[in-house]
S.K.: 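Pasting a structure below so you can have a look.
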Amino acid sequence: MEDRDFFEKVYAIVRQIPPGRVTTYGAIARYLGSERSARVVGWALNQSFHTGSFIPAHRVVNRQGMLTGKHYFGFGDTMKQLLENEGIEVVNDRIVRFGELFWDPAENLS
DNA sequence: GGTGTGACAATGG
DNA sequence: GCCATTGCCACAC
């Protein structure tokens, strides 16, 4: 098992995030068994742009529900627009009702 | 093989 | 309660 599976797992989880739902880097990291590797999860998403396949990274935010990496989506509020397109309210780069929209992979993917 | 980094998270002042 | 620092793990150079 190569460690690179970590990246693939991250991509797999992010792709399985249902529309209108969001999750956190820590939740994904925790599901992968490395609760402290939340940073690596975010990094994987960063590299996801380089993979060529589109990853709904806009559904992945930090613990505060804030769109920390929106700038990586390009310019303006691309990330914000994507979220709003799915019915997610974003105010001040932060997801509204984040607690309700939170999607835990551990509960859905087991 | 060692160093640096990074879209986090938790802790301390 | 907000700002600064540390820890952490996996990848790139």
Side-chain angles (χ1 to χ4, degrees):
Chain A
M1 326 212 188
E2 281 116 53
D3 294 337
R4 302 210 303 216
D5 274 356
F6 197 93
F7 266 50
E8 295 181 2
K9 286 178 182 175
V10 173
Y11 299 148
I13 293 175
V14 176
R15 283 187 190 130
Q16 290 169 67
I17 298 175
R21 289 298 183 103
V22 292
T23 188
T24 66
Y25 306 96
I28 297 174
R30 188 155 66 96
Y31 174 75
L32 294 178
S34 300
E35 183 176 357
R36 290 150 188 166
S37 52
R39 311 185 77 182
V40 185
V41 176
W43 203 359
L45 294 178
N46 187 335
Q47 296 298 309
S48 71
F49 288 94
H50 190 272
T51 60
S53 301
F54 175 74
I55 307 291
H58 57 278
R59 296 176 187 157
V60 185
V61 294
N62 64 352
R63 197 84 174 102
Q64 300 174 357
M66 183 162 59
L67 311 180
T68 47
K70 69 165 189 178
H71 188 68
Y72 287 77
F73 270 80
F75 291 89
D77 4 340
T78 304
M79 188 172 183
K80 179 179 176 183
Q81 293 298 324
L82 287 171
L83 289 171
E84 289 181 347
N85 188 20
E86 296 182 356
I88 300 176
E89 285 184 72
V90 178
V91 177
N92 207 4
D93 295 340
R94 194 177 79 260
I95 296 177
V96 183
R97 305 196 228 347
F98 173 68
E100 298 177 5
L101 298 176
F102 178 73
W103 180 82
D104 191 347
E107 293 181 355
N108 294 273
L109 302 177
S110 294

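From a predicted model like this one, the values you see are computed outputs, not experimental measurements. Numbers restart at 1 for each chain; the letters A, B, ... are given by sequence-line order, proteins then strands.
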S.K.: Please state how far atom CD in A:E8 lies from atom C1' in C:dC11, giving the value in whole angstrom units.
M.R.: 14 Å
S.K.: Roughly how many Å is it from OH in A:Y25 to P in C:dG7, rounded to a whole number?
M.R.: 24 Å
S.K.: 5' to 3' on DNA chain B, which nucleotides open and close the contacts with chain A (atom under 4.0 Å from a heavy atom)?
M.R.: B:dG4 to B:dA9
S.K.: Rounded to the nearest angstrom, tell me the gap between atom CZ in A:R39 and atom C1' in C:dC11.
M.R.: 13 Å
S.K.: Out of A:V60, A:L83, A:I17, which one pairs with A:V22 under the side-chain contact (heavy atoms from CB on, under 4.5 Å) rule?
M.R.: A:L83
S.K.: Other residues, nucleotides and ligands only: do more than 12 of their heavy atoms fall within 6.0 Å of CD on A:Q81?
M.R.: yes
S.K.: Answer with base, sugar-phosphate or nothing: what part of the nucleic acid does A:N62 contact at a heavy-atom distance below 4.0 Å?
M.R.: sugar-phosphate
S.K.: Provide the closest heavy-atom pair for A:F98 versus A:R63 in the form atom of the first, atom of the second, distance.
M.R.: CE2-O, 3.7 Å
S.K.: When all nucleic acid strands are considered with a 4.0 Å heavy-atom cut-off, which category describes A:A57: base, sugar-phosphate, or nothing?
M.R.: base
S.K.: So which one's nearest nucleotide on DNA chain B is more toward 5', A:V61 or A:W43?
M.R.: A:W43
S.K.: In this structure, how many angstroms lie between the C1' atom of C:dC11 and the CG atom of A:L32, rounded?
M.R.: 15 Å
S.K.: Search all heavy atoms of A:N62 against all heavy atoms of A:Y25 and return the closest pair with its distance.
M.R.: N-CE1, 3.2 Å
S.K.: Just how far, in rounded Å, is P of C:dC11 from CG of A:L45?
M.R.: 13 Å
S.K.: Give me the atom names and distance for the closest heavy-atom approach of A:Y11 to A:A44.
M.R.: OH-O, 2.9 Å
S.K.: Considering all heavy atoms of both residues, which atom of A:E84 and which atom of A:V90 are nearest to each other, and what is their separation?
M.R.: OE2-O, 3.9 Å
S.K.: What is the separation between atom NZ on A:K9 and atom P on C:dA10, rounded to the nearest whole Å?
M.R.: 11 Å
S.K.: Students often get this wrong, so: under 4.0 angstrom with heavy atoms, is A:R63 touching a base, only sugar-phosphate, or nothing?
M.R.: sugar-phosphate
